[in-house]
> 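If you scroll down you'll find the structure; I have some questions about it.
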Amino acid sequence: MEKNYRAELVGVLGDPVDGNPTGVMEEAGFEAAGLNWRYITVKVLPGDLDAAMAGVRAFNMRGVNLTMPHKINVLKHMDELSEAARVIGAVNTVVCREDGTMFGENTDGKGFVQSLTDAGVSLEGARVAILGAGGAARSIGVECALAGAKAIAVINRNAERGRSLAQAINAHTPAEAIYLPWSGTAQIPDGTDILINATCVGLHPDVNACPDVDFDGVRPGMVVCDVVFNPVDTPFLKNAAARGARTLDGLGMLVNQGCINYELWTGRKAPRDVMYAKLKSEFGL
Ligand code: NDP
């Protein structure tokens with residue numbers, strides 16, 4: 001049989017991406033399955049997305065992930081969107097099909113909801129407060145609402161983005177959403193069951209940064225989650241744990257959405273244990 005030295009390419013486009021470990025996780029999964037696939041981690045500045053997407057096509061890549069700041073701007077390059085991606089208004093996973101069309105999906109929120117399920121936390125009837133209204137926050141907000149959350153408070157500095165997320169949840173899901181402005185120190189709404197940092201505050205290299213919230217509003221037993229995964233143990237989670245909260249780090253969400261992406265690209269079941277173990281070893285856990 002003739003040998004094939006060409007690898008199938010996938011990857012991530014974003015800035016910053018230096019601390020993004022998705023590639024090692026996906027490649028561990030490809031290797032375990034004997035697939036000659038590579039995942040490249042590419043720094044793409046905000047004004048260069050169009051050129052980068054032309055490159056994705058020119059390199060015959062099988063798909064890409066988008067991370068900040070490209071999840072919304074990439075929409076114009078999509079030929080078709082999943083229903084979730086349409087409601088969320090952001091894409092984090094592109095599948096490049098054989099016919100040359102590009103399909104956009106959003107797996108962030110699905111991965112987040114799965115990480116709550118894995119930890120035995122139910123969203124049914126829950127009151128959720130989300131810090132942030134960017135791509136990750138939109139995905140998490142919509143998927144939490146679809147998974148049974150009763151009320152969702154969106155706390156964000158930029159009012160237009162915050163209102164837009166609350167409106168999308170109210171228009172497309174049974175949950176009730178409100179927008180709360182964020183200037184100065186944010187107050188956590190009374191009765192919050194699950195608090196989520198879906199901003200990029202605390203992300204490498206600003207590892208000492210913490211979202212400006214009043215931690216006195218964190219009750220013992222509240223579930224407090226961070227989407228930031230690098231570092232795993234963020235000041236936000238440390239402050240919440242000090243008040244008796246149950247904390248969930250961003251790694252669970254990362255591995256779960258990584259598995260969904262793997263399956264979309266390869267059509268095979270992802271070796272989750274291998275991928276999670278690789279991620280944990282990257283973080284010395
Ligand atoms: P976006 O750029 O789309 O959104 C960033 C959000 O952070 C905006 O709501 C912005 O508010 C807010 N923000 C930024 N700085 C501050 C600040 N100083 N105070 C308050 N709010 C602030 O980014 P993404 O949504 O794509 O990514 C957000 C984070 O989620 C990143 O850290 C990313 O690494 C992480 N992530 C984790 C995943 C995982 O699997 N664990 C998956 C996907 C993302 P405003 O609108 O007011 O500007």
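Hydrogens, waters and symmetry mates play no part in the numbers below; they use all other heavy atoms, side chains included. Counting starts at 1 for both ligands and their atoms, following the listed order.
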> Where the closest heavy atom to atom 11 (O) of ligand 1 is concerned, which of Asn20, Val154, Asn156 has it?
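Heavy atom nearest to atom 11 (O) of ligand 1 belongs to Asn156.
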
> Within this structure, what is the CH2-CG distance for the pair Trp182 and Asp212, rounded to the nearest 0.5 Å?
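One gets 7.0 Å once the value is rounded to the nearest 0.5 Å.
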
> Answer with side chain, backbone, both or neither: which part of Ala90 has a heavy atom less than 4.0 angstrom from an atom of ligand 1?
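Neither part.
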
> Record the part of Leu254 in heavy-atom contact with ligand 1 below 4.0 Å; permitted values are side chain, backbone, both and neither.
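The part of Leu254 near ligand 1 is both the backbone and the side chain.
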
> At what distance is the nearest protein heavy atom to atom 2 (O) of ligand 1, and which residue and atom is it?
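Nearest neighbour among protein heavy atoms for atom 2 (O) of ligand 1, to 0.1 Å: Met68 CB, 3.9 Å.
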
> Nearest heavy atom to atom 13 (N) of ligand 1 wins, so pick from Arg157, Gln257, His70.
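Ranked by closest heavy atom to atom 13 (N) of ligand 1, first place is Arg157.
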
> Check each heavy atom of Val227 against ligand 1 and say whether those closer than 4.0 Å belong to the side chain, the backbone, both or neither.
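Both backbone and side chain of Val227 come within 4.0 Å of ligand 1.
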
> Below the 3.5 angstrom mark, is there an N/O of Gly250, backbone or side chain, next to an N/O of ligand 1?
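For ligand 1, there is an N or O atom that lies under 3.5 Å from one belonging to Gly250.
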
> What protein heavy atom sits nearest atom 3 (O) of ligand 1, and how far off is it?
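Looking at atom 3 (O) of ligand 1, the protein heavy atom closest to it is Gly135 N, 3.0 Å.
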
> Look at atom CG of Asn4 and say whether more than 12 heavy atoms of other residues, nucleotides or ligands are closer to it than 6.0 Å.
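More than 12 within 6.0 Å, yes.
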
> Is there a donor-acceptor pair under 3.5 Å between the side chain of Ser139 and the backbone N or O of Gly109?
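Indeed, once roles are kept as given, a pair shorter than 3.5 Å links the two residues.
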
> Checking contacts here: is it the side chain or the backbone of Pro69 that comes within 4.0 Å of ligand 1, counting heavy atoms only? Could be both or neither.
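Contact part for Pro69 vs ligand 1: neither.
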
> Would you mind running through ligand 1 and noting each atom that sits below 4.0 Å from a heavy atom of Ala136?
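Going through ligand 1 atom by atom, the ones under 4.0 Å from Ala136 are 24 (P), 25 (O), 30 (O), 44 (C).
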
> Once you restrict to heavy atoms under 4.0 Å, what part of Phe112 touches ligand 1? Side chain, backbone, both or neither.
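Neither; no heavy atom under 4.0 Å.
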
> First locate atom CD1 of Ile196, then atom CG of Asp226, and finally report the distance between them rounded to the nearest 0.5 Å.
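If I round to the nearest 0.5 Å, the distance is 10.5 Å.
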
> Which ligand 1 atoms, with their elements, are less than 4.0 angstrom from a heavy-atom of Asn158?
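Atoms satisfying the 4.0 Å criterion: 45 (P), 46 (O), 47 (O).
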
> With respect to Ala137, determine whether any N or O atom, backbone or side chain, lies less than 3.5 Å from an N or O atom of ligand 1.
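Not met; the criterion fails.
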
> For ligand 1, which part of Met253 has a heavy atom less than 4.0 Å away: the side chain, the backbone, both, or neither?
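For Met253, the contact with ligand 1 is made by both the backbone and the side chain.
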
> Are any non-hydrogen side-chain atoms of Asn106 and Val91 less than 4.5 angstrom apart?
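SC-SC contact between Asn106 and Val91 ruled out.
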
> Is there a heavy atom in Ala133 that sits closer than 4.0 Å to ligand 1?
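Contact present.
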
> With nothing but distance in play, are any N or O atoms of Asp108 less than 3.5 Å from an N or O of ligand 1?
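By distance alone, the answer is no.
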
> Among Gln114, Met275, Lys278, Lys280, find the one that has a side-chain contact (heavy atoms from CB on, under 4.5 Å) with Val255.
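So the option named by the test is Met275.
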
> Check if Ala198 has a non-hydrogen atom at a distance under 4.0 Å from any atom of ligand 1.
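It does; at least one heavy atom falls under 4.0 Å.
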
> Look only at interatomic distance and state if Gly132 has a nitrogen or oxygen under 3.5 Å from any nitrogen or oxygen of ligand 1.
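No, no N or O pair falls under 3.5 Å.
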
> Is any side-chain heavy atom of Phe103 closer than 4.5 Å to one of Val94?
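Heavy-atom side-chain distance check fails, nothing below 4.5 Å.
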
> Where is the nearest protein heavy atom to atom 44 (C) of ligand 1: which residue, which atom, and how far?
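Nearest neighbour among protein heavy atoms for atom 44 (C) of ligand 1, to 0.1 Å: Lys71 NZ, 3.6 Å.
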
> Does the side chain of Ile140 come within less than 4.5 Å of Val227's, by heavy atoms?
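In short, these two side chains touch, coming nearer than 4.5 Å.
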
> Between Thr199 and ligand 1, which part of the residue brings a heavy atom under 4.0 Å of the ligand: side chain, backbone, both or neither?
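For Thr199, backbone and side-chain atoms both sit under 4.0 Å from ligand 1.
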
> What about Gly134: any of its N or O atoms under 3.5 Å from an N or O on ligand 1?
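Gly134 vs ligand 1: N/O contact under 3.5 Å present.
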
> For ligand 1, find out whether one of its N or O atoms is nearer than 3.5 Å to an N or O atom of Leu203.
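Among all N and O atoms of Leu203, none is under 3.5 Å from an N or O of ligand 1.
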
> Out of all atoms in ligand 1, which are within 4.0 Å of some heavy atom of Val228? Include the element for each.
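Heavy-atom distances to Val228 below 4.0 Å select 32 (O).
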
> Using atom types as modelled and distance alone, determine if a side-chain donor or acceptor of Arg138 lies under 3.5 Å from a backbone N or O of Ile88.
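Checked: pair present.
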
> How far is atom 32 (O) of ligand 1 from its nearest protein heavy atom, and which residue and atom is that?
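Minimum-distance protein heavy atom for atom 32 (O) of ligand 1 reads Cys200 CA, 3.3 Å.
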
> With a 4.5 Å cut-off on side-chain heavy atoms, are His204 and Asn20 touching?
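Counting from C-beta outward, Asn20 and His204 never come under 4.5 Å.
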
> Does atom CD of Glu31 have more than 12 heavy-atom neighbours, drawn from other residues, nucleotides or ligands, at distances under 6.0 Å?
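No, the 6.0 Å shell around CD holds no more than 12 heavy atoms from other groups.
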
> For Glu176, I'd like to know if atom CD has over 12 heavy atoms of other residues, nucleotides or ligands within 6.0 Å.
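Atom CD in Glu176 is not crowded, with 12 or fewer foreign heavy atoms closer than 6.0 Å.
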
> Does Arg272 CZ have over 12 foreign heavy atoms under 6.0 Å away?
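It does: Arg272 CZ has more than 12 such atoms within range.
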
> Is any side-chain heavy atom of Tyr262 less than 4.5 Å from a side-chain heavy atom of Trp37?
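No; the side chains remain at least 4.5 Å from each other.
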
> Would you check whether Arg161 has a nitrogen or oxygen atom less than 3.5 angstrom from a nitrogen or oxygen atom of ligand 1?
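Right, the criterion is met.
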
> Just verifying a value: how many Å separate Asn65 CG and Glu26 CD, rounded to the nearest 0.5 Å?
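If I round to the nearest 0.5 Å, the distance is 6.5 Å.
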
